[in-house]
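These notes are about the structure you will find just below.
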2 protein chains.
Amino acid sequence: MVRTRATVRDLRRQNRSVLLTALFLDGPLSRLQLSASTGLSAATASTITGELLDEGLLVEAGSVESDGGRPRVLLRVNPAFGHVIGVDVGETGIKVELFDLAMTRLSTVDLPLVEVEPGAVSDLIASGVGSVLAEAGVETSSVLGVGVGVPGTVERGTSAVVHAQTIGWDAVPLEKMIRAAGVEPRLFVENGAKTQGQAEMWFGAGRGAGHAVIVLVGSGVGVAVVTDGVVHRGATSNAGEWGHTTIVYGGRRCRCGVRGCLEAYAGAEAMLGRYREALRHNDPPVDQQSALEELLSSRSAVARRVVEESVGYLGAGIANLVNLFNPERVVLGGWAGLALGARRLDGIIAATAEHALRHPYGQVRIELGRTGPDAVAVGAATLPVAALLETGADPRSVRIPG
Amino acid sequence: MVRTRATVRDLRRQNRSVLLTALFLDGPLSRLQLSASTGLSAATASTITGELLDEGLLVEAGSVESDGGRPRVLLRVNPAFGHVIGVDVGETGIKVELFDLAMTRLSTVDLPLVEVEPGAVSDLIASGVGSVLAEAGVETSSVLGVGVGVPGTVERGTSAVVHAQTIGWDAVPLEKMIRAAGVEPRLFVENGAKTQGQAEMWFGAGRGAGHAVIVLVGSGVGVAVVTDGVVHRGATSNAGEWGHTTIVYGGRRCRCGVRGCLEAYAGAEAMLGRYREALRHNDPPVDQQSALEELLSSRSAVARRVVEESVGYLGAGIANLVNLFNPERVVLGGWAGLALGARRLDGIIAATAEHALRHPYGQVRIELGRTGPDAVAVGAATLPVAALLETGADPRSVRIPG
DNA sequence: CGAGGTTAGTTCGCGCCTAAAAATAAGCCT
DNA sequence: AGGCTTATTTTTAGGCGCGAACTAACCTCG
């Protein structure tokens, strides 16, 4: 539903956005190709690209001969127009990465975190941002924005507020705190599962899908739901708490206090916990990742049963998403999801098929994620880029260097 | 994400849409009030309303004196500009209703259905459409569109195709068939739960909410999810199959063949089935509605346990929706939902609170539906109206009578 | 009862926008 | 060199919303 009035200015903004987005996503294109792919007239495509070239947003990228006629001049987004930074706030440390506008990684910093206290995290982010800029020799003034992926849910008002039960954050005004710690560029705070989903959509297994579900299985489980190319947020940006949907009514108690949550069955922590129970061990492992590897490769009957059951629960959970959202694609990611999927993807797909309705199941393709361990940071860095593309880099709202 | 280029014409179309929508939803308004509420300048509001008056879409609706100055002339959508028809295709009969553009009901026809066979249904719809028009003395040419709410899922391609396992419809090209049966106006075929959700959003308990979930409990259960004012459809319009999400992994077998679906626990059929099992009865009731009334008002321990459990399952199912979609409002509707809710809404709310995460739960209001038994037909009739409002009644795409 | 005040709505000129047509640029081929 | 083909820019025409100035329709007060 259209909600607001439009003025003549909005036209230009929107058409700039359309052109810029086409160039960003589909690489170098000539003016005439742009005209064809966006539907704009050649004249308009020319005027607008001219404007964008003047502003430094675009650069020429060589030319291609055309049979007999004037060769086409290719245009692309100027990688040096500005930079973006992505931050991944984890429970044990933060990762900060600097990219140019073509999303080429220029520098990275990993900083261990002693205690997950909001003030300490904010200071660490500020110092990390300083480090990546210094390392690559990039000016703060050329940074278009800093995206921050955090655990828990993010309430986006005038300034982002974070709620993360697992690390004890209750209504932390993180955006203000990071700003106070000395980070100047525009900030984009978002849930880590959603930033990772964004990365998977732009650069991974989600490419090209309009409706997709990115399932993240790590210690716990999460999901990013993409509808019509947009990550779903809900009324207060809390949407997507898949891990705490009930899948076994009256079942095991989850760390959130409720019985029967999916997360009590399908995350790495839950799998290892059920395995320990079956073996009557008690101490939780020091390193979940290697413990999970061990469980997955064990040939003992107990281990195989635990894994088999987890595959079933996970499949049922995915089937619920398929039935509710009717996506074209499901991407299974997260370190535990990738580990489990590498060995048992067929089993997960079969379990999904068993629990989903025939028709929506017939429309979906289930794949493993294809982004690396820094997906959260990459996804976070895409947020300022997305904002730039959406506004068409409106010179009235975005600072133009020079 | 913006996807297409915009031309000057789009401006006018969008602003017409904004004005028309404001007038439709918020009753008679003066030109100046329109200017204020839409953000358009007074000049533009005036020009566009002038155009719409000329085209017959708007009419003046009296005037209101303003302290000391020229009185304001109120404008509203012309109810006689055109008519819309809503059709509710049920398992035992169809209901056809005719409305004017102010959504005032002009005539109704109920037609019993002997067998739910696509051809018979299409013919019945055609005859019903003829009847309501004849009864009210309305010309076919003034009908802006016919909305049809059907059980099952609707695939919307060039022409709508219906899949409804429960009544044995597999890929029925219903739109083409209704057209072939002689219905001339534009057709809008949609899932009945979604049309009912639409009715609840426009005229019922969903008014004013941007993000809402309309839960429908009848014989089975269904849901319509509204995001940013738009009913969610998914990649192939199959989204929202809440009834067949797993809530008791490995539990009771559902009529869809899977174990543990919500519908195997929470619909009227499931409640009555569990009651019969507990009592070791065998024959399903002739009349589900009165059987459910009886179950709900019975004081026997068995009946009370069955109802209590159903409340729990339903609450958990609603909590899943709250966690996944983070709505501002949940509306409980459907005949069984209203019957159960009338007595046990508090219990349902408590069960939801118990299973949902604190934060999203804190943002939601859970209410009973407020639309009557013809909600599906009313909702279906809103589809052509919504299309009219969205296009701003573009004279280039919509026929203007006269 | 008429002048002045107040609010509602309309008209007009400006600046901005895209599209279509015409003109120009830059290569190839003969 | 001249003609041909394709790409891009310039020119021209028509639409649009906005702000300012203007007109309309009522009231109050002397």
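Note that the structure is predicted; figures quoted are calculated from it, not measured. Just so it is clear: chains get the letters A, B, ... in the order the sequence lines come, proteins before strands, and each one is counted from 1.
Across the protein-nucleic acid pair, B/R9 atom CZ and D/dG17 atom P stand 12 Å apart, rounded to whole Å. In this structure, CZ of B/R13 is placed 15 Å from P of D/dG15, rounded to the nearest angstrom. Between the CD atom of B/E60 and the P atom of D/dA25 there is a distance of 12 Å, given to the nearest Å. Rounded to whole Å, the distance from CG on A/L75 to C1' on D/dT9 is 14 Å.
For B/T371 and B/E200, the side-chain atoms include at least one donor-acceptor pair closer than 3.5 Å. Side-chain contact, B/T227 with B/H211: no donor N or O sits under 3.5 Å from an acceptor N or O. A donor atom on one side chain and an acceptor atom on the other are found under 3.5 Å apart for A/T44 and A/S41.
B/R72 has no side-chain polar atom (N or O) that falls below the 4.0 Å cut-off from OP1 or OP2 of D/dA25. Close to D/dC18, at under 4.0 Å from its OP1 or OP2, lies a side-chain N or O of A/R5. Between C/dG9 and B/S30, a contact under 4.0 Å exists linking OP1 or OP2 to a side-chain N or O. For D/dG17, one of the phosphate oxygens OP1 or OP2 lies less than 4.0 angstrom from a side-chain nitrogen or oxygen of B/R12. OP1 and OP2 of D/dC16 both lie 4.0 Å or more from every side-chain N or O belonging to B/N15.
Comparing A/T47 and A/T7, the nucleotide of DNA chain D nearest to each residue sits closer to the 5' end for A/T47.
When distances run from any side-chain atom of A/P71 to the nucleotides D/dT9, C/dA19, C/dA26, the shortest one goes to C/dA26.
At most 12 heavy atoms of other shown residues, nucleotides or ligands fall within 6.0 angstrom of atom CZ in A/R207.
Residue A/A6 is in sugar-phosphate contact alone, with no base atom involved, counting any heavy-atom pair closer than 4.0 Å across all strands shown.
Between the side chain of B/R70 and the base of D/dA25, no donor-acceptor pair under 3.5 Å is found.
Contacts between residues 32-43 of chain B and DNA chain D, counted as heavy-atom distances below 4.0 Å, involve B/L40, B/S41, B/A43.
With hydrogens and angles disregarded, no donor-acceptor distance shorter than 3.5 Å links the side chain of B/R76 to the backbone of B/A102. Within the 3.5 Å criterion, the main-chain N or O of B/F99 finds no donor-acceptor partner in the side chain of B/R105.
Remark: of the listed residues B/R9, B/R13, B/R12, B/R13 is the sole one forming a salt bridge (charged side-chain N to carboxylate O under 4.0 Å, His left out) with B/D394.
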